[in-house]
4 protein chains.
Amino acid sequence: MGGGKLSRREREKLRQRQDMLAVAIELFSNNGYHNVSMHKIAQEAEFAIGTLYKFFKNKEDLYRSIITEQADIFHETLTRALEEGNEEIDKLRNYVQVKGAVFMDNVSVIRLYFAETRGASFNIKAGLTKEIREDYEGIIQQLAQIFEAGIQKKRFQHIADPYHLALSLDSLSNTFLYLWLEAPKQHPYPDDPDTILNILCKGLVVEP
Amino acid sequence: MGGGKLSRREREKLRQRQDMLAVAIELFSNNGYHNVSMHKIAQEAEFAIGTLYKFFKNKEDLYRSIITEQADIFHETLTRALEEGNEEIDKLRNYVQVKGAVFMDNVSVIRLYFAETRGASFNIKAGLTKEIREDYEGIIQQLAQIFEAGIQKKRFQHIADPYHLALSLDSLSNTFLYLWLEAPKQHPYPDDPDTILNILCKGLVVEP
Amino acid sequence: MGGGKLSRREREKLRQRQDMLAVAIELFSNNGYHNVSMHKIAQEAEFAIGTLYKFFKNKEDLYRSIITEQADIFHETLTRALEEGNEEIDKLRNYVQVKGAVFMDNVSVIRLYFAETRGASFNIKAGLTKEIREDYEGIIQQLAQIFEAGIQKKRFQHIADPYHLALSLDSLSNTFLYLWLEAPKQHPYPDDPDTILNILCKGLVVEP
Amino acid sequence: MGGGKLSRREREKLRQRQDMLAVAIELFSNNGYHNVSMHKIAQEAEFAIGTLYKFFKNKEDLYRSIITEQADIFHETLTRALEEGNEEIDKLRNYVQVKGAVFMDNVSVIRLYFAETRGASFNIKAGLTKEIREDYEGIIQQLAQIFEAGIQKKRFQHIADPYHLALSLDSLSNTFLYLWLEAPKQHPYPDDPDTILNILCKGLVVEP
DNA sequence: TATGAATGAGAGTTCATTCAT
DNA sequence: GATGAATGAACTCTCATTCAT
C-alpha cells in the first residue's frame, strides 16, 4: 500500500510474519485450531519455535491475529462495496460480486472466518469473536439499511423485515460459496450476481 | 420401536449408553470437542472412565456416535416431513416447520450438527462428516425434486435451478434458527413457515 | 499415629505420596527448587509423570506440601519442647536439645526450612513463606516469653530485650547446626545444651 | 586502585561492567537467580544481549562475578576492621559496627551474600561458594584469634571455644541485620555495638 | 464385569546462548 | 566491536487410553 518507507529490516520482518501467518492459516484451516501445534507451524514455516514466539506471544495471539486481520480486510472490502453504486439494487449486486471475489481469493481463511462468524466456534477465547461479530453485524446493518431504503423508495417490495432480508442475502451468497468450496468446477460461484439476487428478489423488485 | 425382545440386561445397557451420549452432547455442545475430556464425560455421567471405554472405543468414536445417531433422527424426521402433504408448497411448509420444531427441541445437538454440515467441522476424522453429508445431500435432493415438481406443475416460477432453490430454502431456515439460537426471545423462529418461504417464494409462486 | 483404620488402598496411596515427597525433598534440598524438574522427581521416585500430577496439582503445590508439612512437624515438636520443664532454663535446654535432635533427623529438609525461614528464599510463591514464618515467629515469641518470665522471676539478668534474646538463642543453635551440617564428625552438635546456652547465658543467669 | 594507567577505552569498559553488575545485583536480589533472565539484565542495563555476553561468558559467570567481587569488598573491609584498635573488645566493637555499616550500604547484595554463606545457595555451580566460604572462614578465624588472645590476656572469660564464640558473634550480628532488613524502622541495627556484644559478652568480659 | 490408578506422548512456552551483520 | 534476531533444548502440565484388580 503506502510508499516504500520501510527499512530493509522492517520489510524482512513483515515478510517473515506473512510467511508464518500464511502457513498458520493453511494449517488451521485444514486441521482446526486444536489439531495444529505451534511446533508444526514453526516447522512448516521453517522457523525455530522461539522465532514464532517472537512474533506472536502465544498460540491464541497467533490465531487472533489471523482472524482479526483477515476479517478487517473482508469487512472493509465489503463495506466499500456497499457504498458504491447509486441504486440499491446495484449496491446489492456489488456486495454479492465482491464477496464472491474476496472469498474466492482467500479460500483457506474463509473456513476460519465462517467458523468465527457463524459456525460453532467455541470461542478460542471469548471476546475474540465479539469484535469480529460486531464488524459482521455492522455489515448486516448496512445491508439492512439498503433494503430499507429500497423499500421506502418503492424500488423493493416489502416482503419481509429488512434485517431478515439482509441476513438472507448474506446467507444465500454463503450457500453458493460453500457449494463452490466443495466442488469449484461443478459449482462455480455465479458470475452474474443476479443469479443469487433473483432467488431473493425475483419477487422483491417492484416491476416498473 | 423395534420388537420388544431386548433382555433386561440389554435394556439397561442401552439406557446407560443413552445417558453417556446425553451428557457428552451437552458438554461438547457447550465447550467444543477439544475442551471436553473423557474424564469429564465419565464423571458427569457418573460412570467410571473404563466403563465409558467399554461403550465407545475412543473419544472420536463417541463423538461420531453422537453426530451420526442424532443426524439420523433429524434426517429421518425431515424426510418424513417432506413426504407429507399433497401440494409442493405444503411439503415445503412442513419442512420449514418440522425443521424448526426438531431443532428447537434439540438445542444442544444442533450446534454440533451445524458444525459438521457447514462450518468449522475440522473432520474430527475425515469420513465422519462424509456419511452425514450424504444424508444431508439426500434431504437437499428431495427438496430439489419438490421444487422441480412444483415448477413442472406450474405451481412455482422457474426463478432458479431447483437444486439451488433447495439449498437456499435450507439456508434461509438455518439463518432463522441461528437468530433464534443467539437470542430466542428477541428473534423467535417464525410460527408461520411462510415468513421464511416468502423470502424465497414471494416471487416464486405463480399467482393463480 | 492413630489406629490402623486406613484401607489397604489408602495406605498404599499414603506410601506412594511419602515416596514422592521423600524423593522431592532430597532433590530440592540438594539442587534447589529451580534445578529440579518434575520429570526428574517422577523418574527418581519411579512413577510416571502423570501419577506425580495426580498427587500434587503442580510443582509449587508439591513444594508447598513439603515445606508446610515438615514445618508443621518442626514447629509442633519445638512448641512442645518449650512447654516441658518448670524452670525457664530447663525449657531453654529442652529447646536447644530437641531442635538439634529433630533437625539432625531431617537433614535434607532443614536446608529447605532454613531457606524459607531465614535465607533468601525468593518466595516460590509469596504467601507460602508467610504461613511458615508466622509459625516460626510464634516459636520466637514463645521463647521471648520464657526469657521475660525468667527475668521477672530474677532467674535471668536483664541483659537484653527478651525478643532479641529469643532470636539470639535460635540463631546460636542454628550456627551449631550449620557447623554440624558441614562437617558432622568434626563439629558435632553439642550433647549438652549448656554448651550453647552458656554463650548466651553465662552472664545471663543470676548466680544464686 | 592500581596505578592510573587505564586508557579511556579501558575506563569506559570498566564503567560498563559496573553498570551491568549493578543492574544484575538489584535484579537477582529482588527476584532470585532463576527469576531473572539475561535479556532482562541486558535490557535494564541498556545494553544489547550480545554485549552482556562479551563481558560475562554466561549467566553463571555473571552471578559468580557479583558474588565474588562483592564478597571481596566485604571481607577486605571486615578484615581491616578487625585489625584496628588495640584492645580485643575494641576490635570486636569495630567488627560489629563496620559490618552493620557495610551491609546497610549494600542492602541488595547482602541477600545474595547471605544466601551464599549460609542459607539456600544451591551452589549455582559447586565451587562458586567454595572461594567465598574460604574468605568467610578467614574472617571467622581472625575473630577466633581475637577471642583467643582476649582470653589469654584474661580480658575475656573462657566461656566457650574461641571458634564457637567467633561464629556466635557473627551469627548474632546477622540476626540483627535480618531484623533490620525485614523492618528497618521497627528494628534498627543498633548504633552501639555493645547491644550485640552484651548478649554474648555480658558474662564474657572479665570485670576489672 | 466394572473400575479407576497409572501411564507417557505430546502440547504450549521460555530463555540461555550464538553468530551473521 | 556491538548488535539483537534466531535458535532449540528443556520445562511444566494435560489427557486419551490401558489393564490389573
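Here is how names work: the chains are called A, B, and so on, in the same order as the sequence lines, proteins then strands, and each is numbered from 1.
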Exercise. More than 12 heavy atoms of other residues, nucleotides or ligands under 6.0 Å from CD of Glu46(C): is that the case?
Worked result: no

Problem set entry | Complementary nucleotide of dT21(E), counting Watson-Crick and G-U pairs under 3.5 Å | dA2(F)

Exercise. So, is Thr51(A) close to the dT7(F) phosphate, meaning a side-chain N or O under 4.0 Å from OP1 or OP2?
Worked result: yes

Exercise. Does Lys54(A) make a side-chain N or O approach to OP1 or OP2 of dA5(F) shorter than 4.0 Å?
Worked result: no

Seminar exercise, completed: From the candidates dT17(E), dT14(E), dA16(F), the one with an atom nearest any side-chain atom of Tyr53(A) is dT14(E)

Exercise. Out of dG4(E), dT12(F), dA16(E), which nucleotide sits closest to the side chain of Lys59(C)?
Worked result: dT12(F)

Problem set entry | Side-chain heavy-atom pair Leu21(A), Glu69(A) within 4.5 angstrom cut-off | yes

Exercise. Between dT3(F), dT17(E), dG4(E), which nucleotide gets closest to the side-chain atoms of Ile49(B)?
Worked result: dG4(E)

For this session: Examine dA6(F): is either OP1 or OP2 under 4.0 Å from a nitrogen or oxygen in the side chain of Gln16(A)? Give yes or no.
Result: yes

Problem set entry | From NZ (Lys13(A)) to CD (Gln16(A)), nearest 0.5 Å | 7.5 Å

For this session: Using Watson-Crick or G-U wobble geometry with both distances below 3.5 Å, tell me the partner of dG10(E), or none.
Result: dC13(F)

Exercise. How do Glu12(A) and Arg9(D) order along DNA chain F: which one's closest nucleotide is nearer the 5' end?
Worked result: Arg9(D)

